[in-house]
Amino acid sequence: MLNIKNLEATIDNKLILKGFNLNIKPGEVHAIMGPNGSGKSTLANVLSGKSGYEIKGEIKYNGKSLSELSTEERAQKGIFLAFQYPLEIPGVNTNIFLRTSLNSVRKANGEKELDTLAFLKLIKEKSSELGIDEKFLSRQLNVGFSGGEKKKNEILQMKLLQPKLSILDETDSGLDIDALKIVAQGVNSYKNKDNAFLIITHYQRLLDYIKPDFVHVLSNGKIVKTGKAELGVQLEKTGYTNLV
Amino acid sequence: MKAEDLKNNKEYKYGFTTEIENIKSPKGLSEETVKFISNIKKEPKWMLEWRLKAFNRLKVLKEPNWQKPKYPKINYQDLYYYSAPKSASEKPKSLDEIDPKILETYKKLGIPLDEQKRLNGIAVDAVFDSVSVATTFKDELTKKGIIFCSISEAIQKYPELVKKYLGSVIPLSDHYFATLNSAVFTDGSFVYIPPNTKCPMELSTYFRINASETGQFERTLIIADKGSYVSYLEGCTAPMRDENQLHAANVELIALDDAEIKYSTVQNWYPGDEKGVGGIYNFVTKRGACRGKNSKISWTQVETGSAITWKYPSCILQGDNSVGEFYSIAITNNFQKADTGTKMIHLGKNTKSKIISKGISAGNADNMYRGLVEIKNKAINSRNYTQCDSLLMGNKCGAHTIPYIKNGNATSTIEHEATTTKINEEQLYYCNQRGLDQEEAVSLIVNGFCKEVLQQLPMEFAVEAQKLVAISLEGSVG
Ligand SMILES: Nc1ncnc2c1ncn2[C@@H]1O[C@H](COP(=O)(O)OP(=O)(O)OP(=O)(O)O)[C@@H](O)[C@H]1O
Ligand SMILES: [Mg+2]
């Protein structure tokens with residue numbers, strides 16, 4: 001599904017990703033761990049098509065070069081990023097945002113757009129699965145939401161848009177214990193053989209709930225170690241000292 | 001720019017011209033022109049005298065120049081003050097008699113005038129250059145005693161009402177453009193709602209400038225008698241031309257005891273091209289008097305067009321407990337300029353006013369909110385709340401807010417809040433990541449920003465206005 005070869009990413013003359021390689025197949029869950037500033041969010045941004053990066057190397061998504069696709073086209077083709085810091089957009093009603101987003105994606109894929117009623121039914125179902133109070137959905141997008149509420153809202157959007165490749169950038173940070181379980185359940189219930197996850201995290205506890213197939217350690221813009229789920233458990237004990 | 005290029009400029013979809021034979025006044029501003037207008041409209045003597053009084057007054061007035069957007073000197077001798085389709089010289093008695101070319105024009109503008117396809121529940125008065133060409137739903141309104149017709153017709157048929165109220169809110173000698181309008185006004189709408197009557201439908205006027213080198217001097221007068229209610233809406237478009245055209249309107253509203261007038265404008269005059277060539281100068285005087293106790297006047301404006309918009313729809317709160325409201329969205333893109341706002345003059349006791357202004361600037365445009373809130377010393381227990389928000393798109397545009405505040409007594413309060421925000425790249429990226437393209441993202445954010453004002457518009461027009469807002473900002477980001 002995703003093949004990254006020798007990826008280099010530079011922003012404002014600073015080289016951040018320095019020869020990054022990764023292959024993800026449908027149905028797989030990959031975790032990326034690594035010290036602050038090692039380039040995890042940069043990777044997420046580059047994959048989702050944020051502007052401002054100078055890119056070298058190759059990123060293929062379902063066999064096609066990603067560089068030819070705009071940010072919205074990538075999203076429409078199933079790349080989803082749950083942001084480390086979800087943006088607040090004052091004045092924009094959350095429900096309207098979610099519906100516009102869903103319909104843009106549906107339209108791009110030749111599906112029928114949902115009318116207000118059909119949408120409300122769908123969103124009601126998805127939000128109750130995540131224990132999100134409907135009242136949130138009539139508020140301005142992320143404005144005044146607590147850290148954890150913002151993160152849950154990201155997962156709600158994931159479940160709504162049904163992406164192929166979901167990149168979760170520190171979605172666990174800021175969640176309380178119950179919310180963490182709910183979010184993990186949300187991910188697990190959505191996981192299937194056709195979609196894949198790239199989970200960026202600092203903590204093993206998320207991986208206790210969502211079992212990764214691979215754990216990668218990113219340091220200074222490169223993957224320095226790859227292992228199975230046990231690597232995460234080990235890192236929790238030893239830290240990155242021997243690796244970076 | 002050649003006519004050909006203008007045609008290719010597709011962004012302004014109302015920019016077409018209707019080829020039609022016109023009757024025009026002599027060129028230039030003179031006593032002869034004033035007499036010509038009055039004569040062709042077969043006006044009574046008192047009306048001509050009123051016009052001439054304004055014309056004489058104009059000679060000693062100077063064009064104001066304190067506004068922010070400057071413009072090249074207008075040569076008033078180089079304009080036509082009256083232009084009307086020949087076919088309309090005898091006002092058609094029924095819609096079948098209207099020149100098909102004019103019907104076609106309004107159809108293209110999305111304003112069907114023919115019987116079957118009339119807008120649902122909205123009565124329309126259509127003003128083409130200097131004359132009203134059609135008014136729909138007249139019979140139904142007449143049954144309730146509501147008068148909705150062109151001002152020209154009102155001068156003939158209801159002289160007592162016109163004499164009593166015309167110029168009673170905007171005095172004949174008020175200021176240069178108002179006085180100019182009083183001398184040469186051509187057409188516009190007249191509305192009278194009898195006591196204790198709720199007008200059963202939206203009344204609307206659609207203004208169209210077609211002829212070149214022509215100024216449009218609209219005059220509208222709305223009177224809501226005791227305990228009545230009316231919602232009125234005006235829309236405006238003009239062809240694309242590389243000359244600047246002047247639209248100098250006077251609009252007077254009068255609300256008597258317990259009456260309410262809701263006046264909405266969706267202004268989409270040709271804004272000029274992306275280099276700033278052409279476009280309408282929209283210099284308008286709009287003023288409402290809450291003359292009776294418990295009366296209310298509410299102005300809502302969505303200003304997306306014109307090269308320069310210069311207007312301050314105002315409320316004079318004379319009656320005790322009267323309420324004035326002003327909701328505004330002013331969008332300027334490319335080289336458009338706007339200097340707009342309101343005046344709320346509190347004279348009666350317990351009077352309230354509310355001002356919500358949303359200015360959006362993109363490209364090289366400049367947007368100014370200028371507002372006066374004045375509470376006189378006898379207007380005890382009065383309140384004003386003002387909120388001015390500016391949204392900037394890009395780095396080359398400007399937004400300014402100048403509130404003038406005068407509070408003449410200690411029991412009254414004036415509150416003012418202002419914010420300036422920029423649509424930022426991060427917000428757009430977030431939207432893009434959710435599958436929205438740039439235009440969708442901008443329109444979502446902008447409509448969110450203007451929501452409070454859009455909500456004030458009658459339903460059908462809110463949807464239109466929302467689209468218009470998105471279209472006027474197309475291509476302004478990224
Ligand atoms: N515009 C920029 N100009 C210069 N340096 C930048 C810019 N953006 C990011 N960086 C730097 O790139 C490095 C990688 O940042 P990134 O956000 O990818 O780290 P991260 O691995 O996600 O860290 P964390 O765990 O703290 O979230 C950091 O050192 C950061 O300061
Ligand atoms: Mg990060």
Side-chain angles (χ1 to χ4, degrees), chain A residues 44-45 47-53 69-109 111 113 139-143 150 153-154 156-158 160-163 166-167 169, chain B residues 302 327-329 331 356-360 387-394 417-456 459 462-463 465-467 469-470 473 475 477-478:
Chain A
N45 287 338
L47 291 177
S48 65
K50 187 176 186 184
S51 60
Y53 295 95
L69 301 178
S70 67
T71 310
E72 62 270 22
E73 284 168 331
R74 297 179 199 201
Q76 290 156 359
K77 288 189 186 326
I79 296 181
F80 179 87
L81 170 58
F83 284 76
Q84 181 173 3
Y85 304 109
L87 266 287
E88 300 187 358
I89 310 189
V92 175
N93 174 285
T94 304
N95 255 327
I96 291 176
F97 178 80
L98 297 184
R99 181 154 71 96
T100 313
S101 160
L102 178 62
N103 280 335
S104 300
V105 171
R106 291 180 70 102
K107 201 166 58 188
N109 289 294
E111 291 166 57
E113 293 180 46
R139 284 170 52 178
Q140 301 175 47
L141 185 62
N142 289 328
V143 177
K150 284 182 184 168
N153 194 16
E154 295 289 289
L156 174 64
Q157 294 179 51
M158 179 191 86
L160 193 66
L161 298 178
Q162 310 230 308
S166 305
I167 306 162
D169 191 356
Chain B
V302 178
Y327 297 93
S328 168
I329 297 169
I331 297 181
I356 307 285
S357 159
K358 307 278 180 177
I360 303 170
Q387 187 187 321
C388 290
D389 299 322
S390 307
L391 186 68
L392 299 173
M393 304 171 72
E417 281 176 31
T419 65
T420 301
T421 39
K422 231 178 188 178
I423 288 197
N424 67 47
E425 295 285 319
E426 293 286 330
Q427 288 173 331
L428 290 174
Y429 167 50
Y430 188 83
C431 295
N432 295 152
Q433 211 303 303
R434 296 301 187 252
L436 276 62
D437 65 26
Q438 207 77 337
E439 307 290 353
E440 283 177 308
V442 169
S443 108
L444 194 70
I445 295 173
V446 168
N447 279 315
F449 175 78
C450 316
K451 200 166 47 193
E452 282 162 278
V453 178
L454 290 172
Q455 277 166 354
Q456 296 299 321
M459 211 24 188
V463 177
Q466 199 164 335
K467 279 190 214 143
V469 164
L473 289 167
V477 182

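Residue numbers begin at 1 in each chain, while the letters A, B, ... track the order of the sequences.
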Fill in: Chi angles and distances behind the side-chain contact (heavy atoms from CB on, under 4.5 Å) call for C431(B), I89(A)
CA-CA 10 Å; C431(B) 295; I89(A) 310 189; 3.7 Å; yes

Worksheet, complete the sentence: Closest non-hydrogen atoms of V92(A) and I445(B), given as atom of the first, atom of the second and distance, are CG2-CA, 3.8 Å

Worksheet item: Do the non-hydrogen side-chain atoms of Y430(B) and L141(A) ever get within less than 4.5 Å of each other?
Response: yes

Practice prompt. For the pair E73(A) (side chain) and D437(B) (backbone), establish whether a donor and an acceptor sit closer than 3.5 Å, ignoring hydrogens and angles.
Written response: no

Fill in: Residue, of N424(B), T421(B), L436(B), that accumulates the most heavy atom pairs under 4.5 Å with chain A
L436(B)

Item to complete: Sort K77(A) into side chain, backbone, both or neither according to what part of it lies under 4.5 angstrom from a heavy atom of chain B.
Response: neither

Worksheet, complete the sentence: CD of E72(A) to CD of E439(B), rounded to nearest 0.5 Å, is 10.0 Å

Discussion item. Using every non-hydrogen atom in the two residues, find where K451(B) and G91(A) come nearest and quote the distance to one decimal.
Written reply: NZ-O, 2.9 Å

Worksheet item: Top residue by heavy-atom pair count (under 4.5 Å) with chain B, among L87(A), I79(A), L102(A), L161(A)?
Response: L87(A)

Worksheet item: With a 4.5 angstrom heavy-atom cut-off, which part of N103(A) approaches chain B: side chain, backbone, both or neither?
Response: neither

Item to complete: Can you see which heavy atom on S101(A) is nearest to which on R434(B), and at what distance?
Response: OG-O, 2.8 Å

Practice prompt. Check each atom of N109(A) against the heavy atoms of chain B and say whether the ones under 4.5 Å are side chain, backbone, both or neither.
Written response: neither

Worksheet item: At a heavy-atom separation under 4.5 Å, does L81(A) approach chain B through its side chain, its backbone, both, or neither?
Response: both

Worksheet item: Which atom pair, heavy atoms only, marks the closest approach of Q433(B) to T71(A)?
Response: N-CG2, 3.8 Å

Worksheet entry | Non-hydrogen atoms of G435(B) and V105(A) that approach each other most closely | CA-CG2, 4.2 Å

Item to complete: Examine whether an atom of E440(B) lies under 4.5 Å from a heavy atom of chain A, and if so say whether it belongs to the side chain, the backbone or both; otherwise answer neither.
Response: side chain

Worksheet item: Hey, are the side chains of P90(A) and F449(B) touching, using non-hydrogen atoms and a 4.5 Å cut-off?
Response: no

Practice prompt. Measure from the ring center of Y429(B) to the ring center of F83(A) and say whether it is less than 6.0 Å.
Written response: yes

Worksheet item: Going through the distances and angles, do K50(A) and E426(B) end up as a side-chain contact (heavy atoms from CB on, under 4.5 Å)?
Response: CA-CA 9 Å; K50(A) 187 176 186 184; E426(B) 293 286 330; 2.8 Å; yes

